[in-house]
Amino acid sequence: MRVNCDVLSKKSLRTDMLCLPVFEDKHNDDHLDAVDRLLLGQIKQLIRDKQFSGKTGEQHFMIVFPKREFRYLLLLGLGKSKDFDLDKLRKSAGIAGQKAVSNKAASTAFLLPRQRLPKELSANNVGCAVVEGFNLGSYFFDKYKSGIDRHIKPKALTVLFAEQKQATGAKAGARNGLIVSDLQNYCRDLAGSPGNVVTPTYLANEARRLSRRFGLRVQVMGRPQIEKLKMGAFLAVAKGSAEPPYLIRIDYKPKAKARKRVVLVGKGITFDTGGITLKPGADMQEMKQDMTGAAVVLSTMAAISQIKPNLEVTGFIPTCENMPGSRAYRPGDVLTTSIGKTIEIISTDAEGRLLLADVLGYASKMKPDYLIDIATLTSAVIVALGYVGAAMLSTSEDLLTQFKKASEITGERVWQMPLWPEYEHAIKSPIADMKNSGGRPAGACVAATILKHFVGDVPWLHLDIAGMDLEHRGTEYTPKGASGYGVRLLTEVLRNL
Ligand code: BES
Ligand code: MN
Ligand code: ZN
């Protein structure tokens, strides 16, 4: 998709679909009036007839007849101007993206209200949010449909501002918004693809392909190398499957001397059956997305290769399947991790923390300034937070602040959960250093408590995205299916670290 920022003019209105976001309490707006004049007063008539008022989420689609500079007009409700924020804007652009696809509009112009936008909404952030919303909202995943009536991806978006200064100021934001939303859509493709396609080998090949394309260093370590790193927990999880495991490493280095060094780790279980502690059948198909953390790390690495923060970033992706084969690991097994600590297996379905323990242990020995992992780790986090936000658990106030700040910009909700020392009791093992499961209470906190044993004193933050990887209903800019949650968030955090 091409994106552009411009000012309102007769020429810039030459487009298939014009989107006009309207505040509920500000019907007198120069831009609204300008478009209304072109349409001989139809918009104000709609408002007078109470067909449209500008309430949050409201939409009114019109075919313009006879055709003007544009063929379609989409009125979008922005709600009350005092409640306005970036995500409201992203959402209305998301609706615009959906409408562009359903009406086969190749080009769209999004005309911001003339009315001054709130101060915290810089032109840069506004350009970014509109492009993100539109690009994410127009996403569809029909690769596995054989029908010929395929959707068509919109080709061009223009964001229209009141003043040239704003349009110019929005350009960089729009570019960043396009980069990150393209990669979030890539993340959706990858996470939403079936487990018979996206195997550990497939993930390794994707890492190679993206790294070549974006100029990143990539290293794919197979079983012999993982053995050399003594990652006994990761290897145990992989044992039940015929698919070979891989530890993927991707490196980004800035041109100048890096300010800081960051390591990202993403859980890459390409299918989680639960292993010998087999999961019930209901909804098990969703476990094809248990590699979302891996997909987020891969997508984020690709995003920062273009946004170029002044940081050294290493992404690790441990990837394998969790299957109940005849060589599968069992409850009761004791595993030795990369840093020598031992874990007694209570449930083979608590497999994510095992891969992460090995890799976090290894990564912490690299002594990065920050260590961040992202994983669809526990169903307990869904009990705690629902499908609304991710849990973050951390040993670093600094990282917590950074994630909170970034989430306000990207609209991806995060909520801190505790790492209280009392949780240690839940994972006491009679025969090993710890157990891999502490049962139902505080499952997300206990899982993170296990991880904490492997990060040493490196400032670390864990994101449990189990409730966020899959959108069940479909919202303004997140269609049903894989959401790609986390790509914008991690990219924004890295931009600011
Ligand atoms: N991949 C699952 C967690 C999950 C559940 C992700 C639902 C997305 C949606 C993870 O490997 C798992 O099975 N966790 C267990 C741990 C338990 C056995 C301690 C869980 O949360 O039930
Ligand atoms: Mn599991
Ligand atoms: Zn899992």
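A quick note: this is a predicted structure, and the numbers were derived from the prediction, not measured. Both ligands and their constituent atoms are indexed starting at 1 by order of listing.
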Checklist line | Atom CZ of R217 with >12 non-hydrogen neighbours under 6.0 angstrom | finding: no

Check: Side chains of T314 and D251: is there a donor and an acceptor less than 3.5 Å apart?
Finding: yes

Check: Are the side chains of I250 and L298 in touch, meaning some heavy atoms are under 4.5 Å apart?
Finding: yes

Next item on the list: Assess the side chains of H151 and D142: does a donor N or O sit below 3.5 Å from an acceptor N or O?
Entry: no

Notebook entry, point to check: For residues E321 and S241, is any side-chain donor paired with an opposing acceptor at under 3.5 Å?
Noted result: yes

Item checked: Pairing of K341 and D358 as salt bridge, 4.0 angstrom limit -> no

Next item on the list: Give me the protein N, O or S atoms that fall under 2.8 Å of the Mn ion (ligand 2), sorted by chain and residue number.
Entry: D272 OD2, D349 O, D349 OD1, E351 OE1

Next item on the list: Decide whether Y477 and D87 meet the rule of one side-chain donor and one side-chain acceptor closer than 3.5 Å.
Entry: yes

Next item on the list: For residues Y252 and F214, establish whether the separation of their ring centroids is below 6.0 Å.
Entry: no

Note to self: Under 2.8 Å from the Zn ion (ligand 3), which protein N, O or S atoms do you find? Ignore water molecules.
What the structure shows: K267 NZ, D272 OD2, D290 OD2, E351 OE2

Notebook entry, point to check: Should E351 and K267 count as side-chain neighbours, where that means a heavy-atom distance under 4.5 Å?
Noted result: yes

Checklist line | Validation row: I179, I307 side chains within 4.5 angstrom (heavy atoms) | finding: yes

Show the atom names and distances, to 0.1 Å, of all donor-acceptor pairs under 3.5 Å that link a side chain in residues 440-454 to residues at least two apart or in another chain.
from : atom 1 : to   : atom 2 : distance (Å)
T449 : OG1    : C445 : O      : 2.7
H453 : NE2    : E424 : OE1    : 2.8
H453 : NE2    : E424 : OE2    : 3.2

Check: Would you call N322 and F271 a side-chain contact if the rule is heavy atoms closer than 4.5 Å?
Finding: no

Report every pair formed by an N or O atom of ligand 1 and a protein N or O atom separated by less than 3.5 Å, giving atom names and the distance to 0.1 Å.
from     : atom 1 : to   : atom 2 : distance (Å)
ligand 1 : 1 (N)  : K267 : NZ     : 3.3
ligand 1 : 1 (N)  : D272 : OD2    : 3.2
ligand 1 : 1 (N)  : D290 : OD1    : 2.9
ligand 1 : 1 (N)  : D290 : OD2    : 3.0
ligand 1 : 1 (N)  : T376 : O      : 3.4
ligand 1 : 11 (O) : K267 : NZ     : 3.2
ligand 1 : 11 (O) : D272 : OD2    : 2.9
ligand 1 : 11 (O) : D349 : O      : 3.1
ligand 1 : 11 (O) : E351 : OE1    : 2.8
ligand 1 : 11 (O) : E351 : OE2    : 2.9
ligand 1 : 13 (O) : K279 : NZ     : 2.8
ligand 1 : 13 (O) : D349 : O      : 3.0
ligand 1 : 13 (O) : D349 : OD1    : 2.8
ligand 1 : 13 (O) : D349 : OD2    : 3.1
ligand 1 : 14 (N) : L377 : O      : 3.4
ligand 1 : 21 (O) : S379 : N      : 2.7
ligand 1 : 21 (O) : S379 : OG     : 2.8
ligand 1 : 22 (O) : S379 : OG     : 2.9

Item checked: R488 side chain vs T410 backbone, donor-acceptor pair below 3.5 Å -> yes

